[in-house]
There are 2 protein chains.
Amino acid sequence: MRNRSVTYLLEATFQALADPTRRAVLDLLRRGSQPAGQIAGAFPVSRPAISKHLRLLRRAHLVREHREGRHRVYQLNPEPLRTVDKWLEHYRTFWTMNLTSLKNFVESEYAKETGKQSSVKPRAKNSKGEN
Amino acid sequence: MRNRSVTYLLEATFQALADPTRRAVLDLLRRGSQPAGQIAGAFPVSRPAISKHLRLLRRAHLVREHREGRHRVYQLNPEPLRTVDKWLEHYRTFWTMNLTSLKNFVESEYAKETGKQSSVKPRAKNSKGEN
DNA sequence: ATATCATGTAACTGTATGGTTACATGTTAT
DNA sequence: ATAACATGTAACCATACAGTTACATGATAT
């Protein structure tokens, strides 16, 4: 379903972005569309290797391809990156928060859930001996 | 420095984010730190499987771990996601640009239909045959 | 000391990835 | 038709990973 689609899209996208060569291909395509051979020429690996990278990028819909004579021109499609951006949204609040207050927040949440005292700050344990 | 390079960090991060279970773990930790066992309890896979996921998340520095008695409490570390956010920046302009061109496209279509002038310059076709 | 709990690691399996070279397919030029 | 070009795919190899079960380690409680 939709939820499944987003999950799958994110999976394919992150997977595609995990490889430095593929990220470099995207960076390259930011400057403009290019045929496969020209893309391959920009990297120190074999042409078939790039062909396979392009396949993964296609699978993630990060690039589109159209034929132009005997060339296959690849074009950047930023759409999936927007999905990544949206996914990041949940976490953005975390780093805008001051790191110290984040730490406190997280630890107090843990304390609430477990009823246990977090080991960091307060030493006021009950009658138990410390150290 | 342990921070080899942004490239390496991005690689480990995207790699870690590629798995839906690991993303779910992060989503869980957004609510608060938890010991490994409790995290594992939230998923339908075996505990060692989660343990390995946590190892990858650790490698990407997406979580931190500290011992608390016989528990190992895992805490979200959003820092690498900030790096991802920064990486996305290059592409963000891209999709806002796409939205802009889409807007222009829609407006020009509207103009064609109504004969109204829009902000998009009318294409002066050359002598080439048009159908 | 011993049992129990919490957790990581080893060993193993099946699958995917990243790389290579060799080959197939389709397009353009002669 | 044929040669040359652009590109993808197959076959193969090594490595990584996601999952499993069995085992090792370390902390608590008795």
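Note: hydrogens, waters and symmetry copies are ignored here, and every other heavy atom, side chains too, is used. Each chain gets a letter, A, B and so on, in the order its sequence line appears, and its residues count up from 1.
Checking dT7(D), dC5(C), dG8(C) against the side-chain heavy atoms of R70(B) singles out dC5(C) as nearest. The listed nucleotides are dC5(C), dG8(C), dT7(D); the one nearest the side chain of R58(B) is dG8(C).
One finds no salt bridge joining K86(B) and E89(B) here, because no Lys/Arg side-chain nitrogen approaches an Asp/Glu carboxylate oxygen to under 4.0 Å. Residues R82(A) and D85(A) are not paired through a salt bridge, judged by the lack of any N-O separation under 4.0 Å between the basic side chain and the carboxylate. Ion pairing between a basic and an acidic side chain is recognised when a charged N comes within 4.0 Å of a carboxylate O; E68(A) and R70(A) show no such pairing.
The CD atom of E79(A) sits 11.0 Å away from atom NE2 of H61(A), with the distance rounded to the nearest 0.5 Å.
When the P atom of dT7(D) is taken as reference, atom CZ of F43(A) falls 15 Å away, rounded to whole Å. Rounded to an integer number of Å, the gap from NE2 of H71(B) to P of dA6(C) is 5 Å. For the pair E11(A) CD and dC17(D) C1', the computed distance is 12 Å after rounding to whole Å.
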Nucleotide by nucleotide, 5' to 3', does protein get under 4.0 Å of the base (B), only the sugar-phosphate (S), or neither (-) in nucleotides 15-20 of chain C, counting heavy atoms? --SBBB
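Residues F94(B) and L81(A) are not in side-chain contact: their nearest non-hydrogen atoms beyond the backbone lie 4.5 Å or more apart. Using a 4.5 Å cut-off on side-chain heavy atoms (C-beta onward), L57(A) and V25(A) make contact.
Dashed line: the shortest gap from a side-chain N or O of R55(B) to OP1 or OP2 of dT9(C) is under 4.0 Å. For the pair Y74(B) and dG8(C), the criterion of a side-chain N or O lying under 4.0 Å from OP1 or OP2 is met.
The stretch residues 60-68 of chain A has no heavy atom under 4.0 Å from DNA chain C, so no residue of it qualifies as close.
Remark: side-chain polar atoms of R22(A) are paired, donor with acceptor, to backbone N or O of A16(A) under 3.5 angstrom. Between the side chain of R23(B) and the backbone N or O of L17(B), at least one donor-acceptor pair lies under 3.5 Å.
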